[in-house]
2 protein chains.
Amino acid sequence: MEVKLPTFNSVFSIDCVIFGFEAGELKILLIERNEEPYKDWLALPGYIVEQDESIDNAAERILYELTGLRDLHMQQFHTFGEVNRHPQGRVITVAYYALIRINGQKELKPVTQYAKSAFWHPVNELPKLAFDHTEIFQTGFNKLRRRLNYQPIAFELLPEKFTLTQLQSLYEAVLNKKLDKRNFRKKMLSYGFLKELDEKQKGVSYRAAKLYKFDRRKYTKIFQNELNLDS
Amino acid sequence: MEVKLPTFNSVFSIDCVIFGFEAGELKILLIERNEEPYKDWLALPGYIVEQDESIDNAAERILYELTGLRDLHMQQFHTFGEVNRHPQGRVITVAYYALIRINGQKELKPVTQYAKSAFWHPVNELPKLAFDHTEIFQTGFNKLRRRLNYQPIAFELLPEKFTLTQLQSLYEAVLNKKLDKRNFRKKMLSYGFLKELDEKQKGVSYRAAKLYKFDRRKYTKIFQNELNLDS
DNA sequence: AATATAGTGTGTCAGATTTACACCATTAAA
DNA sequence: TTTAATGGTGTAAATCTGACACACTATATT
């Protein structure tokens, strides 16, 4: 027996909180909207999910269309479903987050006309955002903080080769507190998944620091036995 | 300028993973479906969200209609959005979880005809469930495990007055491993939010254990300064 | 009354982890 | 050569964790 699903005018969307780290500051990706409602406002990159794509795929597509960025590892973190969160009807949105190295070269260029531009903005002093995007951002930021403590996500925000000071300042930016240099280094190195390179920092006008990189293979070897309770 | 939202035949639903603890065993609430598809199968309590209710409200309503339970503190934990997770069309579902004291008296009685019955089932040896509900359950169970370590959720599963042994066996059931009795007690008591009562267990044929209760006021006082990163 | 049964309740020590804390080294620029 | 800026390092105290065993108490059984 076939039973038909009820047909409602319900719309699903995706919104993305994309974190980057640049010049010692944590930033997120914003777009300038080119569509009503909230035309000309700043907003998180987000749009409507199509009928025939999974929400994970939708997240990737939408981010690409609005910013030109691809192949990020995005994870959903919360779904926002208040009745009046969208002025034009019922829209439930699934929020995703991702981390990315901000790369001077990589241009941010919307592929659709729904956004006028896309750009990085420091997470401190965020302007007012469209819809309930300020709340969505805040929830995502909390998630990021929490995950920083038990997942190797910091390395996705840094260049491939980085100094311990850069790593520490990233932790400090995300957690919003000062850490002790010696203790921080001792602990990070004790994990055993940082690989010390034979290279040093270049172009600084003071003693150059050693460069390290994150050894993902070692990381998984070390932590393969721990339950993955992340889902 | 008014812009109309596109109209898709998208359907939203809620599914609930409700945990209870009884006779030393962790259980979840299942229903027997009375509707196609998957008529007569066992499933998590779940149904479709209405146009004019928030998803949080929908979760409460749906659980009530299918099981007769009300006023649980439910929290969403994941949204499942694969294209073909529902055989009759596109249905995206937001999964919620909650913890509850299983109370002998409290009867489980569906209010709607969509379920034939509702009952508790041990989380070990779960039968095959309808749709992707096995995966939803598994994700929720992982979430529960993780939260047990940093949130005072164990107490929602126990009677108001409980013994330390009961508390320990709950932890053991959720984490699925044996804990050391002396260390467990030392640690729990050291937090300072367990209130020792002047009462003892009754009706046991061996030395009666002291009863404790969870002092939520003390708990919040102790942990008020810690960042609440739970959202 | 004696005994069996079943679970309660308790302390210590070793090892690991966390925290606090200050100074010399190196490089480039002035 | 001096200054400015950051890199890099060790130790000791305090705290936390994990391993480990036995006497106590209440009831039921004989």
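This structure is a prediction, so every number in the text was calculated from the model and none was measured. Residue numbering restarts at 1 for every chain, and letters A, B, ... go by the order of the sequence lines. We use all heavy atoms of the structure for the numbers below, so side chains are in, but hydrogens, waters and symmetry mates are not.
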**OP:** In whole angstrom, give the distance that lies between atom OH of A:Y212 and atom P of D:dG7.
**Re:** 12 Å

**OP:** Pick base, sugar-phosphate or nothing for B:K181, based on heavy-atom distances below 4.0 Å to the nucleic acid.
**Re:** base

**OP:** Report the residues that fulfil side chain to side chain contact (heavy atoms under 4.5 Å, CB included) with A:Y47, sequence neighbours left out, ordered by chain and then residue number.
**Re:** A:E35, A:I62, A:Y114

**OP:** Please collect all salt bridge (charged side-chain N to carboxylate O under 4.0 Å, His left out) contacts where either partner lies in residues 124-138 of chain A, sequence neighbours excluded, each pair once.
**Re:** A:R85-A:D132

Original post:
When all nucleic acid strands are considered with a 4.0 Å heavy-atom cut-off, which category describes A:T163: base, sugar-phosphate, or nothing?
Top reply: nothing

Subject >> Partners passing side-chain hydrogen bond (donor to acceptor under 3.5 Å, both in side chains) against B:R101 (at least two apart in sequence or in another chain) >> reply: none

Original post:
Roughly, in whole Å, what's the span from NZ in B:K210 to C1' in D:dC24?
Top reply: 13 Å

**OP:** Send over the distance from A:Q166 CD to D:dG7 C1', rounded to a whole Å.
**Re:** 13 Å

Original post:
Taking for each residue the nucleotide of DNA chain C bearing the nearest heavy atom, is the 5' side occupied by B:R182 or by A:R207?
Top reply: B:R182

**OP:** Tell me which residues in residues 185-202 of chain B put a heavy atom below 4.0 Å from DNA chain D, sorted by number, or none.
**Re:** B:K186, B:K187

Original post:
Who are the ring pair (Phe, Tyr, Trp, His ring centres under 6.0 Å) partners of B:Y219, not counting sequence neighbours?
Top reply: B:F193, B:F214, B:F223

Original post:
B:L66 and B:G46: which non-hydrogen atoms are nearest, and at how many Å?
Top reply: CD1-N, 3.2 Å

Original post:
Can you say whether the rings of B:H133 and B:F131 are parallel (under 30°), tilted (30 to 60°) or perpendicular (over 60°)?
Top reply: tilted

Original post:
With sequence neighbours left out, which residue pairs that include part of residues 175-187 of chain A fulfil the salt bridge (charged side-chain N to carboxylate O under 4.0 Å, His left out) condition?
Top reply: A:E172-A:K178

Subject >> chain A contact limits on DNA chain C, taken 5' to 3' with a cut-off of 4.0 angstrom to heavy atoms >> reply: C:dT18 to C:dA29

Original post:
Which residues pass the ring pair (Phe, Tyr, Trp, His ring centres under 6.0 Å) test with B:F184, sequence neighbours left out?
Top reply: B:Y171

Subject >> Non-neighbouring partners of A:E160 that pass side chain to side chain contact (heavy atoms under 4.5 Å, CB included), sequence neighbours left out >> reply: A:K213

**OP:** Measure from CZ on A:F162 to P on D:dG7 and round the result to the nearest Å.
**Re:** 14 Å

Original post:
Residues two or more places apart in sequence or in another chain: which of them pass side-chain hydrogen bond (donor to acceptor under 3.5 Å, both in side chains) with A:D56?
Top reply: A:Y96

**OP:** Taking side-chain hydrogen bond (donor to acceptor under 3.5 Å, both in side chains) as the test, write out the residues that go with A:K116, two or more places apart.
**Re:** A:D40

Mind listing the N/O atom pairs, protein and nucleotides 28-30 of chain D, below 3.5 Å?
none

